[in-house]
A.B. asks: 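One structure follows; several queries about it will come next.
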Amino acid sequence: MPLSPPSPLPGRRSVLRGTLAASAALALPSAVAAAAPAFALSGRPQAQWGVQAGDVTTHSGLVWVRSDRPARMIVETSATESFRRPRRWHGPLLGADTDFTGTVPLRGLPSGEQIHYRVTLADPDDYRRTGEPVQGTFRTAPSKRRQGVRFLWSGDIVGQGWGINPDIGGLYAYEEMRRLDPDFFLCSGDTIYADGPLSASVTLPDGRVWRNVTTEEKSKVAETLAEYRGNFRYSLLDENVRRFNAQVPTIAQWDDHEVVNNWYPGEILTDARYTVKDVDTLASRARKAFSEYFPISTLPATGEEGRVHRVVRHGPLLDVFVLDMRTYRNANSPGRQTDDTTGILGAEQLAWLKRELARSRAVWKVIAADMPLGLVVPDGATDIEAVAQGDPGAPLGRELQIAELLRFVKHRRITGTVWLTADVHYTSAQHYDPSRAAFKDFAPFWEFVSGPLAAGGFQANALDGTFGPDRVFVKAPTRANVSPMESPQYFGEVDIDGDSGELTVRLRATGGAVLFTKVLQPGRVGQ
């Protein structure tokens, strides 16, 4: 489904000029060459991979760039596209230690305003020698409730062998999302498939041929730091992604495929494709690359201690609680333990989440989970990958930790909690209610699933009755690994009205269809 040329949104002309200038310098064949570790020694530094912003709040945000060689990062911000009287921010020296990426924190920004920014890369030996500036924009969160908030979420990107296919317009879902002009994008994990190599072509069941743009780093499973970096760089070859990043800030989290399928700390791989069998070693390399390629407020790219889980406060209407359901989990197992203090979050992260939920004064508290709660996600024939383990009775295994959290939310009368996730490669809406559940001590809540964004589609997972889920809506393929050429991709939209405080969830499919809509009322412990 090739896309027609995008029509710029009002007030975005300078962003598109800057982004398209970078696109012209990054035609796919030359981009593959630019990804190699050897950099040209002549000329001026170039930001060929575009720009992106992340973790935007009422008065702050992060701006990211990658250079093609050592360079000093300089950011200018302005209230106008003309950049009259810009404010200048001197950033880090970009070098090989961060794969020539860098992030600049912007603080003291006006709330609820469109911020225009441009990134210039300067020769570290002669600051007068600069590359072409690359421009972007984002909106800061409102300080007043009546402005409202609207964002998108999805996950699962370049998975199951489906990469950038020029025949269908590349990663076309990003262009559809950009045209909706959200305040931000919540990327719910599986931002790459480091364990999923790409071949040049794949023959589909109907005889059509899928063609992939290929790179050296995507030719095998990622094991080295360079290979993980190349996986994160791959999506940036796509013009849709770069244009989207220049306009829409991201809140990023990770799941398993940033490292290896279904991983947990301490795991030793038996997969014959890997020469490095120690998952902790692979996770350390993947985590560094992840921190280099996404602007995340709590995870510095310098290798200092940090964390993926965090709260991104988006004004009085919304707090986003970003979970890390990988780093602190226990080993995958059948999940029948009667005592489990580690669970899927770890004791420390659970305590953090309870504390921050209790402190939150936002009308809505979105819990951004990288895995679903009541959907049974298996790992092999006997083990469980997510929370639910298929036993509809009292909580066992990792369910014990979720039960503790849900009980806490009810007894502390924490209002406005909504769970968003991706991971399972279809879209659905589940309502959880104690009247249907084996575990009764919680208030009703909703969980919404949306994905994949650019990966294979899969059949719907079974439900586990422990927390009483009712699958109110589902849209899923009838067979495994349906390509993006055969099936739409899915993303969700959340729209919070500033006047009424109502939160509307829309489950969307590429092509413009709204598949399901649910309106939730503010100020309630349960929905």
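Numbers here simply count residues along the sequence, with the first being 1. All values reported here derive from a predicted model rather than from experimental measurement.
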A.B. asks: Any salt bridge linking Arg150 with Glu493? Criterion: basic side-chain nitrogen under 4.0 Å from a carboxylate oxygen.
C.D. replies: yes

A.B. asks: Could you tell me whether Glu356 and Arg313 make a salt bridge, using a distance below 4.0 angstrom between a side-chain N and a carboxylate O?
C.D. replies: yes

A.B. asks: Do the charged groups of Asp195 and Lys220 touch, with an N to O distance under 4.0 Å?
C.D. replies: no

A.B. asks: Do NZ/NE/NH1/NH2 and the carboxylate oxygens of Asp55 and Arg310 come within less than 4.0 Å?
C.D. replies: yes

A.B. asks: Go through it in stages, so that I can follow the logic: the residues are Glu447 and Thr421, the test is side-chain hydrogen bond (donor to acceptor under 3.5 Å, both in side chains), and I'd like the CA-CA distance, side-chain angles, deciding distance and then a yes or no.
C.D. replies: CA-CA 8 Å; Glu447 173 187 58; Thr421 189; 5.8 Å; no

A.B. asks: So which of Phe138, Trp153, Phe244 actually passes ring-ring contact (aromatic ring centres under 6.0 Å, His included) with Phe185?
C.D. replies: Phe244

A.B. asks: On the 0 to 90° scale, with breaks at 30° and 60°, tag the Trp162-Trp210 ring pair as parallel, tilted or perpendicular.
C.D. replies: perpendicular

A.B. asks: Could you state the interatomic distance from CG (Leu345) to CZ (Arg329), rounded to the nearest 0.5 Å?
C.D. replies: 9.5 Å

A.B. asks: What distance separates Thr224 OG1 from Glu217 CD, expressed to the nearest 0.5 Å?
C.D. replies: 8.0 Å

A.B. asks: Specify the closest pair of heavy atoms between Ala454 and Leu171, including all atoms of both residues, with the distance to one decimal.
C.D. replies: CB-CD2, 3.8 Å

A.B. asks: Mind listing the closest non-hydrogen atom pair of Ile74 and Ala122 along with its distance?
C.D. replies: CD1-CB, 4.2 Å

A.B. asks: At their closest point, which heavy atom of Asp383 faces which heavy atom of Asn332, and how far apart are they?
C.D. replies: OD2-O, 3.6 Å

A.B. asks: Above 12 or not: heavy atoms from other molecules or residues under 6.0 Å from CZ of Arg84?
C.D. replies: no

A.B. asks: Would you compute the distance between atom CG of Leu106 and atom OG1 of Thr140 and round it to the nearest 0.5 angstrom?
C.D. replies: 11.0 Å

A.B. asks: With a 4.0 Å cut-off on N to O distance, would you call Arg243 and Glu175 a salt bridge?
C.D. replies: yes

A.B. asks: Would Phe232 and Tyr228 count as a close aromatic pair, with their ring centres under 6.0 Å?
C.D. replies: no

A.B. asks: Check each of Leu373, Val366, Val449 against Trp419 using the side-chain contact (heavy atoms from CB on, under 4.5 Å) test, and report the only one that passes.
C.D. replies: Leu373

A.B. asks: Report the distance from atom CE of Met325 to atom CD of Gln253, rounding to the nearest 0.5 Å.
C.D. replies: 9.0 Å

A.B. asks: Taking NZ, NE, NH1 and NH2 as the nitrogens, is one of them in Arg326 or Asp324 under 4.0 Å from a carboxylate oxygen of the other?
C.D. replies: no

A.B. asks: Taking the side chain as every heavy atom from C-beta outward, state whether Met371 and Val377 have any pair of such atoms under 4.5 Å apart.
C.D. replies: yes

A.B. asks: Who pairs with Phe491 by ring pair (Phe, Tyr, Trp, His ring centres under 6.0 Å), at least two apart in sequence or on another chain?
C.D. replies: none

A.B. asks: Under 4.0 Å between a side-chain nitrogen and a carboxylate oxygen: does that hold for Lys365 and Asp319?
C.D. replies: no

A.B. asks: If I take atom CD1 from residue Ile164 and atom NZ from residue Lys218, how far apart are they, to the nearest 0.5 angstrom?
C.D. replies: 10.0 Å

A.B. asks: Gln52 versus Pro249: any side-chain heavy-atom pair under 4.5 Å?
C.D. replies: no

A.B. asks: With a 4.0 Å cut-off, would you call Arg287 and Glu292 a salt bridge?
C.D. replies: no

A.B. asks: Please find out if less than 6.0 Å separates the ring center of Trp263 from that of Trp254.
C.D. replies: yes

A.B. asks: Can you see which heavy atom on Asp280 is nearest to which on Gly266, and at what distance?
C.D. replies: OD1-N, 2.9 Å

A.B. asks: List the atom of Leu375, the atom of Ala386, and the distance in Å for their closest heavy-atom pair.
C.D. replies: O-CB, 4.5 Å

A.B. asks: Would you indicate whether the side-chain heavy atoms of Arg179 and Gln247 approach each other to under 4.5 Å?
C.D. replies: no

A.B. asks: For Arg139 and Asp181, which heavy atoms make the closest approach, and how far apart are they?
C.D. replies: NH2-O, 2.9 Å

A.B. asks: Carefully, step by step, assess Ser111 and Ser143 under the rule side-chain hydrogen bond (donor to acceptor under 3.5 Å, both in side chains).
C.D. replies: CA-CA 6 Å; Ser111 66; Ser143 59; 2.9 Å; yes

A.B. asks: For the residue pair Trp352 and Phe321, does the interplanar ring angle fall in the parallel (under 30°), tilted (30 to 60°) or perpendicular (over 60°) class?
C.D. replies: perpendicular

A.B. asks: Mind checking the OH-CG spacing from Tyr127 to Asp123? Nearest 0.5 Å is all I need.
C.D. replies: 9.5 Å

A.B. asks: Under 30°, 30 to 60°, or over 60°: which ring-plane class applies to His116 and Phe83, parallel, tilted or perpendicular?
C.D. replies: perpendicular

A.B. asks: Check the pair Asp99 / Tyr293 against side-chain hydrogen bond (donor to acceptor under 3.5 Å, both in side chains), numbers first and verdict last.
C.D. replies: CA-CA 9 Å; Asp99 202 30; Tyr293 276 85; 2.5 Å; yes

